[in-house]
Protein chains: 4
Amino acid sequence: MARKAGSNGIRTAAAIRRASLKLIHRHGFAAMSLRDLAAEVGVQPASLYNHIATKQALLFDLVRDHMEGLLTSTEAALAATPPEPLARIEAFMAHHLLYHFERKQEVYIANSELRALEGPNRARVLALRRRYERSLVSLLEAGERAGVVSTSDVKVAAFAILAALTGVCVWYKPSGRLTKEELVAIHTTLLMNGIRRRG
Amino acid sequence: MARKAGSNGIRTAAAIRRASLKLIHRHGFAAMSLRDLAAEVGVQPASLYNHIATKQALLFDLVRDHMEGLLTSTEAALAATPPEPLARIEAFMAHHLLYHFERKQEVYIANSELRALEGPNRARVLALRRRYERSLVSLLEAGERAGVVSTSDVKVAAFAILAALTGVCVWYKPSGRLTKEELVAIHTTLLMNGIRRRG
Amino acid sequence: MARKAGSNGIRTAAAIRRASLKLIHRHGFAAMSLRDLAAEVGVQPASLYNHIATKQALLFDLVRDHMEGLLTSTEAALAATPPEPLARIEAFMAHHLLYHFERKQEVYIANSELRALEGPNRARVLALRRRYERSLVSLLEAGERAGVVSTSDVKVAAFAILAALTGVCVWYKPSGRLTKEELVAIHTTLLMNGIRRRG
Amino acid sequence: MARKAGSNGIRTAAAIRRASLKLIHRHGFAAMSLRDLAAEVGVQPASLYNHIATKQALLFDLVRDHMEGLLTSTEAALAATPPEPLARIEAFMAHHLLYHFERKQEVYIANSELRALEGPNRARVLALRRRYERSLVSLLEAGERAGVVSTSDVKVAAFAILAALTGVCVWYKPSGRLTKEELVAIHTTLLMNGIRRRG
DNA sequence: CATGAATGAGACTTCATTCAT
DNA sequence: AATGAATGAAGTCTCATTCAT
């Protein structure tokens with residue numbers, strides 16, 4: 001029989017998720033012990049296993065959920081943008097930054113703990129990541145076809161853009177000198193200048 | 001099990017360095033056990049301690065040596081460049097890429113294993129890294145003063161540039177589609193376009 | 001997850017008994033986890049405790065029930081046999097084999113998991129077992145008194161006979177080369193020859 | 001460089017062997033924890049791993065070594081016996097008992113912990129065991145051919161004999177009522193009578 | 001009667017490190 | 001310089017069991 005709504009089970013599962021994001025982000029996956037995680041959650045190590053199958057499965061779930069959320073959200077953002085290529089590229093950049101500013105831990109983990117994912121898990125996440133990269137490549141290609149974008153190599157440009165955009169998430173702090181919107185403006189300006197075709 | 005021959009000491013020390021770069025790059029510092037390292041070197045775990053003080057000290061040495069080499073080499077490269085601001089910025093970018101292409105493992109480790117460095121070690125490395133970042137910031141400021149560079153924020157621009165430049169090292173492969181020189185051209189073009197003041 | 005139907009209680013209890021015989025026989029008592037048992041029964045581990053008090057109590061019940069059944073059945077078989085000593089000994093042997101052929105798992109468990117029984121439980125089972133051994137010893141002694149049996153030592157002979165008879169249950173398979181009746185014939189012949197007084 | 005003769009390494013390895021025989025015999029393999037074993041040896045649990053690869057490997061080594069010793073020793077005993085079939089069978093029986101009286105723990109373990117051996121390990125041990133069984137079967141067959149032995153089925157007879165002989169080891173105690181030699185006499189008499197062809 | 005969740009104890013095993021040889 | 005052996009701490013995970021629902 002199902003437990004009451006808001007039962008401890010659901011609360012604990014959410015707490016595990018939150019605590020593991022925090023600890024993996026801080027120390028890395030390999031360096032986070034399940035003892036530490038349990039302590040952070042306020043539970044015995046054995047109790048974690050009522051909610052996760054394995055340490056590895058926990059990591060996979062975190063990373064996959066993040067990637068799927070990113071893809072879904074990006075598609076929604078682009079769907080709400082006019083079809084003009086430069087506008088769409090800029091929308092992609094802005095969305096990437098704003099989405100990631102709210103999910104610093106997840107971004108970092110999704111990028112740096114890929115190597116901690118075992119075989120099939122890694123493959124599945126890499127597939128999602130490639131889908132995301134390709135969506136930016138497509139936007140750049142559309143820009144090139146429309147004659148408003150000029151890069152020496154769309155794929156390399158896409159990677160460079162993603163690296164620059166993702167880099168900022170590592171050091172962004174809500175309490176920092178610049179607001180999110182300012183950071184968006186600075187980066188889109190810099191990068192749009194970098195790829196815009198010049199008369 | 002007699003010893004091989006001659007002064008194996010130096011050879012072993014070098015092998016440890018090489019093997020640890022490889023293994024840390026592949027699995028991460030926390031996930032690399034000294035057993036694995038010893039096996040890769042072809043020696044018993046206990047023997048590592050004739051060459052390293054501690055696992056932590058090994059990591060610190062690797063990262064510090066890399067950072068110091070980078071700083072020295074960058075200064076030399078700039079010293080050999082004419083004082084024109086744009087030329088110096090481009091030289092910095094080109095040097096960053098070419099130096100790092102040859103040291104993929106080191107870059108990655110220096111960036112992703114900072115959190116594995118304990119207290120004072122981390123501080124020392126962070127200081128070196130800040131010195132490097134500041135040298136790019138200075139170049140950008142000189143460009144602004146000379147009226148040839150325009151960024152919304154030099155510091156943010158510098159971080160974005162470094163992130164974009166460093167990102168390529170993660171995926172660069174000598175056997176890839178593009179040569180090192182082509183990658184340098186693509187990135188300097190993209191990023192110089194991003195910061196050059198426009199008439 | 002609604003319940004199946006009707007009074008599942010009894011059915012579950014029987015299923016636990018069946019499944020635990022199977023698993024203890026296959027893996028041993030210590031190596032059978034209640035998780036495995038629950039899975040075999042098709043129930044959650046916690047549900048087992050509606051039917052058993054304790055893992056230890058489960059084992060004790062299985063073993064005691066088996067021993068008591070064996071004693072009861074043996075007494076019934078002897079009661080139905082003429083008082084002639086050799087006939088009674090042979091009847092004992094045949095009954096031992098036929099009873100055990102139908103209860104391979106129980107025999108094995110009753111013999112090999114004695115050490116898993118704790119203190120008082122072990123004592124109680126050992127008492128039952130000794131009663132059984134003594135009943136064969138008595139038959140042999142009656143034979144000696146009647147001058148139709150000759151062993152160097154009745155107790156040792158009884159143990160050797162029981163060991164030989166029980167041994168066959170370990171490897172007996174219904175689908176094997178020989179029928180139960182053939183195996184009974186072979187063993188009674190062999191062992192009766194072993195103890196019969198010779199002119 | 002090798003350690004001194006009689007170094008602690010060798011002594012510890014032997015102590016582990018001795019202690020594990022004792023504990024497995026007493027509690028069973030699954031029920032023996034490596035903590036207990038280490039405590040019995042007088043060493044930390046981690047130190048066991050300087051001498052064993054795995055708990056499973058330890059069991060396998062114990063059982064295999066026992067079986068190989070049994071085979072070697074049996075062959076030697078038969079080689080020293082005249083070719084007369086009955087004499088050889090009796091020599092086999094006597095050797096089985098005397099060899100096993102000195103190795104109560106090993107016999108028990110080799111018989112009852114077969115199921116604790118995983119896949120290939122079990123197969124290897126079963127092969128050794130079958131070789132031993134076959135050697136008795138061969139002796140019986142030779143006896144049948146020479147007209148001095150009569151069993152309904154040599155294979156079944158061999159199993160019954162081995163079961164009877166092995167059974168005694170379970171309860172034999174040096175301090176018991178009967179000497180080893182008496183037990184040998186009792187059993188060989190009983191069993192030789194069981195199989196000898198009668199005029 | 002069944003279950004999801006929790007737990008304390010403990011399972012096997014690996015960790016970085018030390019030290020006598 | 002190298003190593004076999006030892007160690008205390010800690011790793012992930014499973015154990016039997018309990019209890020509110």
Side-chain angles (χ1 to χ4, degrees), chain A residues 1-4 7-13 30-38 43-56, chain B residues 1-4 6-13 30 32-38 42-56 58, chain C residues 1-4 6-13 30 32-38 42-56 58, chain D residues 1-4 7-13 30-38 43-56:
Chain A
M1 301 294 128
R3 297 288 297 268
K4 271 223 205 96
S7 81
N8 261 12
I10 287 174
R11 248 181 268 154
T12 304
M32 173 193 74
S33 85
L34 294 188
R35 271 160 162 59
D36 295 345
L37 177 57
V43 108
Q44 292 301 117
S47 302
L48 295 176
Y49 286 86
N50 288 316
H51 306 278
I52 68 171
T54 254
K55 198 192 178 197
Q56 168 74 201
Chain B
M1 302 290 125
R3 293 266 306 297
K4 291 285 162 54
S7 99
N8 256 358
I10 283 177
R11 246 178 275 159
T12 302
M32 173 195 72
S33 81
L34 293 190
R35 274 163 165 66
D36 294 344
L37 177 57
V43 106
Q44 290 305 115
S47 303
L48 295 176
Y49 286 86
N50 288 316
H51 305 277
I52 68 173
T54 258
K55 199 193 177 196
Q56 168 74 203
L58 168 62
Chain C
M1 301 288 125
R3 293 267 306 296
K4 290 289 163 53
S7 99
N8 256 358
I10 285 178
R11 246 177 275 159
T12 303
M32 174 193 73
S33 81
L34 293 189
R35 275 163 166 64
D36 295 344
L37 178 56
V43 106
Q44 291 304 117
S47 304
L48 296 175
Y49 286 87
N50 289 315
H51 306 276
I52 69 173
T54 259
K55 198 193 177 194
Q56 168 74 204
L58 168 62
Chain D
M1 300 294 131
R3 297 285 298 268
K4 272 225 205 93
S7 81
N8 260 11
I10 286 173
R11 246 180 270 154
T12 304
M32 172 193 73
S33 83
L34 294 189
R35 273 161 163 57
D36 295 345
L37 177 56
V43 107
Q44 292 301 116
S47 302
L48 297 175
Y49 286 85
N50 288 317
H51 305 277
I52 68 171
T54 253
K55 198 193 178 196
Q56 168 75 203

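In what follows, every chain begins at residue 1, and chains take the letters A, B, ... in the order their sequences are listed.
Distance from the side chain of C/His51 is smallest for E/dC1 among the nucleotides E/dT7, F/dA2, E/dC1. The side chain of B/Pro45 sits closest to E/dT17 out of E/dT17, F/dG8, E/dC12. Comparing atom distances between the A/Asn50 side chain and each of E/dT7, F/dT12, E/dA16 picks out E/dT7 as nearest. With E/dA2, F/dA16, E/dA11 as the candidates, the nucleotide lying closest to the side chain of C/Lys55 is F/dA16. Looking at the side chain of B/Ala46, the nearest of the listed nucleotides F/dA5, F/dT17, F/dA9 is F/dA5. Distances from the side chain of A/Ser33 to the nucleotides E/dA16, F/dG11, E/dT7 place F/dG11 closest. Nearest to the side chain of D/Arg35, among E/dC12, F/dG11, F/dT14, sits E/dC12.
As rounded to whole Å, 13 Å separates atom P of E/dA2 from atom CD1 of C/Ile52. Taking atom CE of C/Met32 as the reference point, atom P of F/dT17 lies 10 Å away to the nearest angstrom. Atom pair A/Leu34:CG and F/dT12:P shows a separation of 4 Å (rounding to whole Å applied). Remark: P of F/dC15 and CG of C/Leu58 are 16 Å apart, rounded to the nearest angstrom. Taking atom CG of C/Leu37 as the reference point, atom C1' of F/dC15 lies 14 Å away to the nearest angstrom. To the nearest angstrom, C1' of E/dG4 lies 18 Å from OH of A/Tyr49. The CD-P distance, from D/Gln44 to E/dT18, rounds to 17 Å in whole Å. One can place CZ of A/Arg11 at 10 Å from P of E/dA6, the figure rounded to the nearest angstrom.
Across all strands shown, E/dT3 is found opposite F/dA20 as a Watson-Crick or G-U wobble partner, with both distances under 3.5 Å. With a cut-off of 3.5 Å on both pairing distances, the Watson-Crick or G-U wobble partner of F/dA9 is E/dT14.
Within 3.5 Å, no donor on the side chain of A/Asn8 pairs with an acceptor on the base of E/dA5, nor the reverse.
In terms of heavy atoms, B/Leu37 sits closest to B/Leu58 at CD2-CD2, 3.8 Å. Nearest heavy atoms, A/Ala30 versus A/Lys55: O-NZ, 3.8 Å. The nearest pair of heavy atoms linking A/His51 to A/Gly9 is CE1-O, 3.3 Å. What you find for A/Leu48 and A/Leu34 is that their closest heavy atoms are CD1-O, 3.5 Å. Summarising the geometry of A/Tyr49 relative to A/Thr54, their closest heavy-atom pair is CE2-CA, 4.4 Å, with the distance given to 0.1 Å. Summarising the geometry of C/Ser47 relative to C/Val43, their closest heavy-atom pair is CB-CG1, 3.9 Å, with the distance given to 0.1 Å.
Checking A/Asp36 against C/Ala30, the closest nucleotide of DNA chain F that is more toward the 5' end is the one next to A/Asp36.
Put simply, A/Thr54 has a side-chain N or O that comes within less than 4.0 Å of OP1 or OP2 on F/dC13. Between C/Thr12 and E/dA2 there is a side-chain N or O to OP1 or OP2 distance below 4.0 Å.
Across all strands, D/Ser47 comes closer than 4.0 Å to base atoms (heavy-atom distances).
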